[in-house]
Amino acid sequence: MTATLTERRPRSRTGGTGATPAGTSRTGTSAWTPWLYLLPALAVLGALLVYPVYQLGLISFLEYTQAQVSGGEPTSFQGLGNYTALFTDPQFRQVLLATVVFAAACVAGTLAVGCALAVLLTRVRALPRLALMLAALGAWATPAVTGSTVWVFLFDADFGPVNRLLGLGDFSWTYGRYSAFALVLLEVVWCSFPFVMVTVYAGIRAVPTEILEAAALDGASQWRIWRTVTAPLLRPILAVVTIQSVIWDFKVFTQIYVMTNGGGIAGQNLVLNVYAYQQAFASSQYSLGAAIGVVMLLLLLAVTLVYLRLLRRQGEDL
């Protein structure tokens, strides 16, 4: 009387064995249904992102200067000539290194300030929390040109109040290379930390209070609770804000251009975005500017993929 596995297998209404038909999920919906919902967004992204990136890559392989734009000379294919010219240029290598170091410092400062203030928001009462949130959102909503101009005035050698408060006299923050980068870094962190603060604060509020209370009862300090309990639970959120900060800070243009007057004295404060602007529009070397844009795109894509891969290895679902 022993039944086989086939006999025990439940039958569907159509007389089958209950297996899910090909092309459908267990809920009975088609496997293509999610893609149909995503199709409008993919179409918009394709029009606004894919085609411009294609044109950027195409121009980077051509000789495309003002002569070609005006029609005075024909466009010619250069292959990797523009990239060879870039990577053999000592100034490009110097600007690339400065951009990487500056962006890393901005990301570290933004995450540190944003996470610290997010923790502070969970420790203060409602009124101070509201005031801090409004102040931070005001900094976030300030246009980059406006914020940069205000910061230049605050640190002005002749009329700025900061030098008077610090007793620095007529010290010029934008004259030296490192002091100018430090000034721009402060402004970038000031206008970027609210995104990290609000996002991390929302994540902290979603952490079960029982876990935090158990860690506190075990004698863990606030720093240890953050490092061993809260931060691991917030790793997916921290991944999002880190990647977003890397993309924003690596592409800084307005702050550098406004606060250092186009890249500093003799180009000492150039970053890749400003350098690409100078090559493409100031020197009319549009193909070199496009090549710099492609290099930036590949670097950001590589950093994002490596970071996501590291998180995948740690078992995080993003």
Side-chain angles (χ1 to χ4, degrees), residues 98-99 101-166 168 171-174 178-206 226 230-231 234 237-264 269 271-274 300:
T99 304
V101 175
F102 176 74
C106 289
V107 171
T110 301
L111 292 178
V113 174
C115 291
L117 291 179
V119 175
L120 178 63
L121 287 176
T122 64
R123 300 286 190 270
V124 297
R125 295 182 180 274
L127 188 58
R129 184 188 309 124
L130 178 61
L132 180 56
M133 292 281 284
L134 291 177
L137 293 178
W140 192 16
T142 302
V145 174
T146 305
S148 300
T149 304
V150 171
W151 274 74
V152 169
F153 169 75
L154 291 175
F155 288 84
D156 185 76
D158 298 321
F159 306 103
V162 174
N163 281 9
R164 297 179 184 178
L165 292 176
L166 299 179
L168 296 178
F171 174 75
S172 177
W173 289 83
T174 58
Y178 297 107
S179 60
F181 269 130
L183 180 61
V184 178
L185 185 147
L186 291 175
E187 201 278 337
V188 171
V189 171
W190 172 78
C191 66
S192 301
F193 83 86
F195 170 74
V196 178
M197 182 191 73
V198 173
T199 307
V200 174
Y201 172 72
I204 293 176
R205 300 297 296 179
W226 165 261
T230 308
L234 296 178
I237 295 178
L238 293 176
V240 172
V241 297
T242 300
I243 293 173
Q244 192 71 50
S245 298
V246 168
I247 294 173
W248 283 347
D249 296 339
F250 197 82
K251 298 190 305 178
V252 165
F253 174 84
T254 305
Q255 291 87 343
I256 289 286
Y257 193 83
V258 172
M259 300 179 71
T260 64
N261 195 21
N269 296 113
V271 292
L272 282 180
N273 244 355
V274 180
L300 289 174

Within-4.5 Å side-chain heavy-atom neighbours: Phe102 and Val184: yes
Looking at Thr174, Val271, Val101, Thr260, which hits side chain to side chain contact (heavy atoms under 4.5 Å, CB included) with Phe181? Val271
Heavy-atom closest pair, residues Asp158 and Arg164: O-NH2, 3.8 Å
So do Thr254 and Tyr257 actually touch side chain to side chain, heavy atoms under 4.5 Å? no
Partner residues of Phe153 under the ring pair (Phe, Tyr, Trp, His ring centres under 6.0 Å) criterion, sequence neighbours left out: none
Phe195 ring center within less than 6.0 Å of Trp248 ring center: yes
To the nearest 0.5 Å, tell me how far Thr242 OG1 sits from Ile237 CD1. 11.5 Å
Just by distance, do the side chain of Asp156 and the backbone of Phe159 share a donor-acceptor pair under 3.5 Å? yes
How close do Cys106 and Val188 get, counting heavy atoms only, and between which atoms? SG-CG1, 4.0 Å
Quick check for you: to the nearest 0.5 Å, what is the distance between Lys251 atom NZ and Thr99 atom OG1? 13.5 Å
Is any side-chain heavy atom of Leu168 less than 4.5 Å from a side-chain heavy atom of Val162? no
For the atom pair CG (Leu185) and CD1 (Ile256), what is the distance rounded to the nearest 0.5 Å? 9.5 Å
Please set out all donor-acceptor pairs under 3.5 angstrom arising from side-chain atoms of residues 111-133, sequence neighbours excluded.
residue	atom	partner	partner atom	Å
Thr122	OG1	Val119	O	2.5
Arg123	NH2	Gln222	OE1	2.4
Arg129	NE	Leu121	O	3.0
Arg129	NH2	Val124	O	2.9

Check whether any side-chain heavy atom of Phe155 sits under 4.5 Å from a side-chain heavy atom of Leu166, and report yes or no. no
Taking all non-hydrogen atoms of both residues into account, name the closest pair between Thr142 and Gly147 and its distance. CG2-N, 3.7 Å
Quick one: does any side-chain atom of Ser148 pair with a main-chain N or O of Val258 as donor and acceptor, under 3.5 Å? no
List the steps, then state whether side-chain contact (heavy atoms from CB on, under 4.5 Å) holds for Phe193 with Trp140. CA-CA 8 Å; Phe193 83 86; Trp140 192 16; over 6 Å; no
Mind listing the closest non-hydrogen atom pair of Ala180 and Asn269 along with its distance? CB-OD1, 3.5 Å
Roughly how far, to the nearest 0.5 Å, is CD of Gln244 from OG of Ser192? 10.0 Å
Which heavy atom in Pro194 sits nearest to a heavy atom in Ala136, and how many Å separate them? CG-O, 3.0 Å
If I compare all heavy atoms of Ser172 with all of Ser179, which pair ends up nearest, and what's the gap? O-OG, 4.2 Å
Using only heavy-atom distances, determine whether the side chains of Asn163 and Trp173 contain a donor-acceptor pair under 3.5 Å. yes
Can you find a pair of side-chain heavy atoms, one from Asp249 and one from Thr110, that are under 4.5 Å apart? yes
